[in-house]
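A, B, ... follow the sequence lines: proteins, then strands. Residue 1 opens every chain.
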Number of protein chains: 2
Amino acid sequence: MRCPVEATLNVIGGKWKAVLVWHLLEGGVLRFGELRRLLPGITQKMLTQQLRELEAAGVISRTVYAEVPPRVEYAVTAHGRSLRPLLEAMHAWGLQHCLQRDDDIAMPQNFVM
Amino acid sequence: MRCPVEATLNVIGGKWKAVLVWHLLEGGVLRFGELRRLLPGITQKMLTQQLRELEAAGVISRTVYAEVPPRVEYAVTAHGRSLRPLLEAMHAWGLQHCLQRDDDIAMPQNFVM
DNA sequence: CTGTATCCCGGTCGATACTG
DNA sequence: CAGTATCGACCGGGATACAG
């Protein structure tokens, strides 16, 4: 990889990754089902996959509790927490951008309100 | 848009978009061929496509000069300039957290688009 | 020089069924 | 509850040819 900007996009540029990290930064520790409810439209498969990739990047942690019923909790790591200013900048820019040019932006096919 | 973070990713989350805007913020007005040289590996088709989508989002402007040979210049709009802090944050984060292993080995010089 | 227009391959993603 | 497995449709994106 030749450009740091690209490197960052590789970490949080996935279809749901930035939003996932954003929710985990806001909500603290969250369970699998809670995350699924926070992202209407995501499939179980994609949620698992994106979480695994974020975990592999060292951004989030995954804790499995040997209980019945099973419980798995996700949280941002110290490394992931360093993304907060970036995600806040994205959130702020998105707010401003949406208000001004909402109808001009091409929405993804699976866009869910 | 349900989540402003997603909205921002829709604008600069494409494969080459963030890097394109980054280069245009750094280099000012750039021609099509100049951008192509700045992004080794991008195809003509993708460059055109990503530029068109950035233009549709109001981030960059496209100016065609009726000359022979043709000349088309791209530049960030005032709206696009508001992305600078965001891209700088992405650049900084990528440098700090992901790019330690990057050396100065460039693309092979026989690599021609 | 700056693009369109095709073709097509591989990965992405959703749907569904099944498991510990 | 929190996954895994599998199949298939879709589309992003590369290669190539052609155009203004």
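Separating the CD atom of A:Q44 from the P atom of D:dC1 is a distance of 10 Å, rounded to the nearest angstrom. Nucleotide C:dG14 holds its P atom 6 Å from the CH2 atom of A:W16, rounded to whole Å. Per the geometry, CZ belonging to A:R36 stands 14 Å off P belonging to C:dA15, to the nearest Å. The separation between A:E67 atom CD and D:dC1 atom C1' is 11 Å, rounded to whole Å.
Closest to the side chain of A:P70, from the set D:dG20, C:dG20, D:dG14, is C:dG20. Counting only heavy atoms from C-beta on, A:P69 has its side chain closest to D:dC1 among C:dC1, C:dG14, D:dC1.
A:V21 has its side chain out of reach of B:V5: every pair of non-hydrogen atoms, C-beta onward, lies at least 4.5 Å apart. A:L9 places a side-chain heavy atom less than 4.5 Å from the side chain of B:L9. Within the 4.5 Å cutoff, side-chain heavy atoms of B:L86 are placed close to those of A:L86.
Here the CZ atom belonging to B:R84 is positioned 6.0 Å from the CD atom belonging to B:E26, to the nearest 0.5 angstrom. We find the CD-CG distance between B:Q50 and B:L35 to be 12.0 Å, quoted to the nearest 0.5 Å. With values rounded to the nearest 0.5 angstrom, B:L83 atom CG is found 7.5 Å from B:L25 atom CG. Separation of atoms CG (B:N10) and NZ (B:K17) is listed at 8.0 Å; rounding is to 0.5 Å. Taking CG of B:L54 as the reference point, atom CD1 of B:I12 lies at 9.5 Å (rounded to 0.5 Å). With values rounded to the nearest 0.5 angstrom, B:E55 atom CD is found 6.5 Å from B:R52 atom CZ.
Considering only side-chain N and O atoms, A:K15 lies under 4.0 angstrom from the phosphate OP1 or OP2 of C:dG14. Side-chain nitrogen and oxygen atoms of A:R71 include none within less than 4.0 Å of the OP1 or OP2 phosphate oxygen of D:dG3.
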Return the polar atom pairs (N/O with N/O) between nucleotides 6-11 of chain C and the protein under 3.5 Å, or none.
none

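When all heavy atoms are compared, the tightest approach of A:I60 to A:T77 is C-CG2, 3.5 Å.
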Could you pull out all donor-acceptor pairs under 3.5 Å where a side-chain atom in residues 61-69 of chain A meets a protein atom, sequence neighbours excluded?
| unit_1 | atom_1 | unit_2 | atom_2 | d |
| --- | --- | --- | --- | --- |
| A:S61 | OG | A:A75 | O | 3.3 |
| A:R62 | NE | A:Y74 | OH | 3.2 |
| A:Y65 | OH | A:E73 | OE1 | 3.2 |
| A:E67 | OE1 | A:R71 | NE | 3.2 |
| A:E67 | OE2 | A:R71 | NH2 | 2.7 |

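At a threshold of 4.0 angstrom between heavy atoms, the contacts of B:Y65 with the nucleic acid are absent.
Direction of the helix axis in the helix from C:dC1-D:dG20 to C:dG20-D:dC1 shifts by 50° between the two five-pair termini, rounded to 10°.
Near DNA chain D, meaning a heavy atom under 4.0 Å from it, residues 17-34 of chain B has no residue at all. The stretch residues 46-54 of chain B touches DNA chain C through B:T48, B:R52, each having a heavy atom under 4.0 angstrom from the strand.
Side chain of A:T8 to backbone of A:P4: a donor-acceptor contact under 3.5 angstrom is found. Using a distance-only test at 3.5 Å, with no hydrogens or angles considered, no donor-acceptor pair links the side chain of A:R36 to the main chain of A:L47.
For residues 6-60 of chain B, the pairs satisfying ring pair (Phe, Tyr, Trp, His ring centres under 6.0 Å) are B:W22-B:H91, with sequence neighbours left out.
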